Participant: 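One structure follows; several queries about it will come next.
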Amino acid sequence: QVQLVESGGGLAQAGGSLRLSCAASGRTFSRNYMGWFRQAPGKEREFVAAIDWSDKNTYYADSVKGRFAISRDNAKNMMYLQMSNLKPEDTAVYYCAARGRIGPVALVTRNSEYDYWGQGTQVTVSS
């Protein structure tokens, strides 16, 4: 059974930092795209960041570019999201996602490109 489990969420002050982790089990994703999405109350789930299998190509939403950094450790089947200079508008439930299919992605920002999802971890940023 494939599982993605997020951790590292919590409460932070504006300007602070948090590091999210995503642990994958049940299969390896070393040749697959992975990503982070988030959903704020009353809003649709939105793309945050994505990374290809090589760890060389990363993609970010404009709202987090320059503040967040995505990375992965294929040997550990882990993915991370380092979040810095947090803002109250970053408050959301953050979800880890992984693509089951190997190969290029048509649109990394699209939810439907990802086949596996975690349960989410809450990030709350106070002003």
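Here the structure is a predicted model, which is why all the values come from computation and not from measurement.
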Participant: With side chains defined as the heavy atoms from C-beta onward, is the minimum distance between Phe47 and Val108 less than 4.5 Å?
Facilitator: yes
Participant: What closest approach, in Å, do Arg45 and Tyr95 show between heavy atoms, and which atom pair accounts for it?
Facilitator: NH2-CZ, 3.5 Å
Participant: Would you call Ser63 and Arg38 a side-chain contact if the rule is heavy atoms closer than 4.5 Å?
Facilitator: yes
Participant: Quick one: pull up CG in Leu11 and OG1 in Thr124 and give me the separation to the nearest 0.5 Å.
Facilitator: 6.0 Å
Participant: May I ask you to list the residues sharing a hydrophobic cluster with Val123, side-chain cutoff 4.5 Å, ordered by chain and number?
Facilitator: Val2, Leu4, Leu18, Leu20, Phe29, Met34, Trp36, Val48, Ile51, Tyr60, Val64, Phe68, Ile70, Met79, Leu81, Met83, Leu86, Tyr94, Tyr116, Val125
Participant: Between atom SG of Cys96 and atom CE of Met78, what is the distance when rounded to the nearest 0.5 Å?
Facilitator: 9.0 Å
Participant: Under the ring-ring contact (aromatic ring centres under 6.0 Å, His included) rule, collect the residues that match up with Tyr33, sequence neighbours excluded.
Facilitator: Trp53
Participant: If you take all heavy atoms of Ala106 and Glu113, which pair is closest and at what distance?
Facilitator: CB-OE2, 3.5 Å
Participant: Can you check whether Gln119's main-chain N or O pairs, donor with acceptor, with Glu6's side chain at less than 3.5 Å?
Facilitator: yes
Participant: Can you tell me how far apart CG (Leu107) and CZ (Arg110) are? Round to the nearest 0.5 Å.
Facilitator: 5.0 Å
Participant: Which heavy atom in Ala14 sits nearest to a heavy atom in Pro88, and how many Å separate them?
Facilitator: CB-CD, 4.2 Å
Participant: Using the ring centroid of each side chain, check whether Phe37 and Tyr114 are separated by less than 6.0 Å.
Facilitator: yes
Participant: Is Arg27 close to Asn32 at the side-chain level, that is, under 4.5 Å between some pair of heavy atoms?
Facilitator: yes
Participant: What distance separates Arg99 CZ from Ser112 OG, expressed to the nearest 0.5 Å?
Facilitator: 9.0 Å
Participant: State, with a plain yes or no, whether a side-chain heavy atom of Gln82 is found less than 4.5 Å away from one of Ser71.
Facilitator: no
Participant: In Å, rounded to the nearest 0.5 Å, how long is the span from OG of Ser127 to NZ of Lys87?
Facilitator: 13.5 Å
